[in-house]
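Throughout, residue positions are numbered sequentially from 1 according to the sequence presented.
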Amino acid sequence: MRQDTTELTVATRGQGLHDCTDAVRRWVEGTGIDSGLLTIFIRHTSASLLIQENAAPAARRDLERYFARIAPESGAYEHDDEGPDDMPAHLRAALTQTSLTIPVVGGGLALGTWQGIYVFEHRHAPHARTLALHVMGD
């Protein structure tokens with residue numbers, strides 16, 4: 001059994017889904033692990049991780065609009081230290097995921113044909129989001 005770790009930085013352009021599949025895939029393939037399990041963890045409280053549709057941009061736009069409806073920006077929140085998108089960003093992160101687990105098969109990610117790995121940025125401003133990756137296997 002072998003394991004490897006790294007950190008990746010994903011530069012976001014503001015709110016929305018930011019595809020990081022290729023960067024994660026390249027790193028996993030470079031580890032030489034043929035069969036195992038990858039864990040990805042985002043080290044932030046106002047962004048999250050999703051495995052989502054990677055072909056139809058409309059699916060991602062619909063997802064973004066849905067989260068804007070269920071955690072709207074408004075003056076109704078007590079926590080607004082960093083502006084009106086502060087608390088909605090935390091709510092959206094709480095409703096999604098801070099970590100993902102993906103099987104590694106044949107030296108690559110066992111994602112489905114239309115699946116991609118995304119950082120879901122919940123803040124308006126661009127950020128540099130840090131992902132901690134850990135792969136374990138043979």
Side-chain angles (χ1 to χ4, degrees):
M1 184 74 60
R2 297 178 20 234
Q3 60 181 328
D4 202 345
T5 62
T6 196
E7 287 188 348
L8 293 179
T9 300
V10 175
T12 70
R13 297 169 305 284
Q15 275 186 346
L17 291 153
H18 303 276
D19 192 341
C20 59
T21 311
D22 288 342
V24 172
R25 180 178 284 121
R26 281 191 302 274
W27 179 76
V28 168
E29 289 171 356
T31 66
I33 292 178
D34 185 64
S35 176
L37 203 56
L38 168 69
T39 300
I40 309 170
F41 178 77
I42 190 164
R43 299 178 63 184
H44 303 278
T45 61
S46 57
S48 55
L49 295 168
L50 293 179
I51 293 177
Q52 199 47 246
E53 163 78 48
N54 67 0
R60 296 187 297 277
R61 288 191 301 268
D62 285 342
L63 187 69
E64 291 165 10
R65 283 192 294 269
Y66 171 78
F67 276 93
R69 283 193 310 274
I70 64 170
E73 293 177 22
S74 70
Y77 303 108
E78 180 180 353
H79 178 73
D80 63 357
D81 295 351
E82 297 177 40
D85 67 343
D86 195 2
M87 192 60 213
H90 294 299
L91 292 172
R92 294 169 191 176
L95 293 170
T96 51
Q97 300 145 45
T98 56
S99 67
L100 299 172
T101 305
I102 302 168
V104 175
V105 177
L109 302 173
L111 292 172
T113 302
W114 309 115
Q115 290 181 317
I117 304 166
Y118 292 87
V119 169
F120 195 1
E121 177 62 67
H122 304 301
R123 302 298 306 270
H124 286 293
H127 284 81
R129 299 302 192 176
T130 304
L131 307 181
L133 279 64
H134 176 247
V135 65
M136 189 168 26
D138 298 317

Under a single-linkage definition using a 4.5 Å side-chain heavy-atom cutoff for Ile, Leu, Val, Met, Phe, Trp and Tyr, are [X] and [Y] assigned to the same hydrophobic cluster?
X    : Y    : result
W27  : V10  : yes
M1   : V104 : no
L37  : I51  : no
Y118 : Y66  : yes

Show your working on side-chain contact (heavy atoms from CB on, under 4.5 Å) between I33 and V28 and close with a plain yes or no.
CA-CA 7 Å; I33 292 178; V28 168; over 6 Å; no
[atom1]/[X] to [atom2]/[Y] distance, rounded to the nearest 0.5 angstrom?
X    : Y    : atom1 : atom2 : result
E53  : T113 : CD    : OG1   : 10.5 Å
T31  : Q3   : OG1   : CD    : 11.5 Å
H90  : S48  : NE2   : OG    : 12.5 Å
E121 : S46  : CD    : OG    : 6.0 Å
S99  : L131 : OG    : CG    : 11.5 Å

Flag side-chain contact, heavy atom, 4.5 Å: V24 against I102:
no
Positive for side chain to side chain contact (heavy atoms under 4.5 Å, CB included) with L133, one of T5, D4, L38
L38
I need the single residue from I40, L8, L49 that forms a side chain to side chain contact (heavy atoms under 4.5 Å, CB included) with V119. Which is it?
L49
Within the distance-only criterion (no hydrogens, no angle test), does the side chain of [X] pair as donor or acceptor with the backbone N or O of [Y] below 3.5 angstrom?
X    : Y    : value
E64  : L17  : yes
H127 : A125 : yes
N54  : Q115 : yes
R123 : E82  : yes
H79  : D86  : no
D34  : G107 : yes
R92  : A71  : yes
T39  : T101 : no
D85  : H124 : yes
R60  : Q52  : no

Are there over 12 heavy-atom neighbours, none belonging to R2, within less than 6.0 Å of that residue's CZ?
yes
Identify the two heavy atoms, one from [X] and one from [Y], that lie closest to each other, and give their separation to 0.1 Å.
X    : Y   : value
P72  : Y77 : O-OH, 2.8 Å
A132 : E7  : CA-CG, 4.3 Å
I42  : A47 : CD1-CB, 3.8 Å

With sequence neighbours left out, what residues match R69 under salt bridge (charged side-chain N to carboxylate O under 4.0 Å, His left out)?
none
Please lay out, stage by stage, how L111 and I117 fare under the test side-chain contact (heavy atoms from CB on, under 4.5 Å).
CA-CA 9 Å; L111 292 172; I117 304 166; 4.1 Å; yes
Given T9 and R129, is the side-chain contact (heavy atoms from CB on, under 4.5 Å) satisfied, shown in steps?
CA-CA 5 Å; T9 300; R129 299 302 192 176; over 6 Å; no
Ring-plane angle category for H122 and F67, please: parallel below 30°, perpendicular beyond 60°, tilted otherwise.
tilted
Take D80 and M87, measure what side-chain contact (heavy atoms from CB on, under 4.5 Å) needs, and give me the verdict at the end.
CA-CA 6 Å; D80 63 357; M87 192 60 213; over 6 Å; no
